[in-house]
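This report concerns only the one structure given below.
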Amino acid sequence: MKLEKVTKRWYDDACGTALALEFVGERWSLLILRELMFGPRRFGEIRAQLAGISANILTQRLASLEAGGCWCGGRCRRPHRCRSTN
């Protein structure tokens with residue numbers, strides 16, 4: 001069975017709603033942001049609250065949200081905690 005690479009969909013629309021969907025329209029993204037709105041969370045805490053999400057998908061979504069400026073992961077000396085940007 002050959003897996004096909006999924007290409008990112010682009011709405012190519014000047015509308016603010018369409019632009020927002022570029023960043024949070026992927027499956028799980030809004031649920032991840034919902035969890036981050038409660039405050040800093042560890043990776044495992046987010047994963048525990050989102051039944052059915054794999055570690056790989058959570059990592060990908062956090063990376064895409066961070067790249068889009070929706071989330072600031074940051075690096076710190078203490079155990080890493082995820083938080084949303086305000």
Side-chain angles (χ1 to χ4, degrees):
M1 177 195 236
K2 185 177 177 181
L3 296 176
E4 294 181 27
K5 184 177 178 181
V6 177
T7 58
K8 182 158 173 51
R9 134 184 97 218
W10 181 255
Y11 294 103
D12 196 24
D13 191 331
C15 173
T17 302
L19 181 61
L21 285 173
E22 296 296 334
F23 298 112
V24 297
E26 296 290 333
R27 184 173 183 195
W28 296 106
S29 294
L30 285 175
L31 295 176
I32 293 168
L33 286 175
R34 178 195 67 192
E35 292 303 315
L36 294 173
M37 286 174 39
F38 293 116
R41 298 274 192 260
R42 294 181 187 270
F43 183 89
E45 292 172 337
I46 297 170
R47 189 160 179 225
Q49 292 298 316
L50 300 174
I53 192 170
S54 70
N56 187 33
I57 293 295
L58 179 54
T59 300
Q60 289 174 3
R61 295 302 181 263
L62 286 171
S64 67
L65 290 169
E66 185 173 20
C70 299
W71 173 72
C72 177
R75 302 283 179 239
C76 58
R77 291 188 186 112
R78 290 179 277 149
H80 183 64
R81 293 178 87 71
C82 307
R83 64 186 181 281
S84 64
T85 58
N86 293 329

Please table the atom pairs, donor to acceptor, closer than 3.5 Å between any side-chain atom in residues 52-59 and protein atoms at least two apart or in another chain.
from: Ser54; atom 1: OG; to: Ile57; atom 2: N; distance (Å): 3.2
from: Thr59; atom 1: OG1; to: Ala55; atom 2: O; distance (Å): 2.8

How many angstroms lie between atom [atom1] of [X] and atom [atom2] of [Y], to the nearest 0.5 angstrom?
| X | Y | atom1 | atom2 | result |
| --- | --- | --- | --- | --- |
| Glu26 | Gln60 | CD | CD | 9.5 Å |
| Leu62 | Leu33 | CG | CG | 9.0 Å |
| Arg34 | Gln49 | CZ | CD | 8.0 Å |

Are Phe43 and Phe38 co-members of a hydrophobic cluster defined by side-chain heavy atoms under 4.5 Å apart?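 Different clusters.
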
Could you pull out the closest heavy-atom pair between Ser29 and Arg61, with the gap in Å?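 Distance-wise, the nearest heavy atoms are OG-CD, 3.6 Å.
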
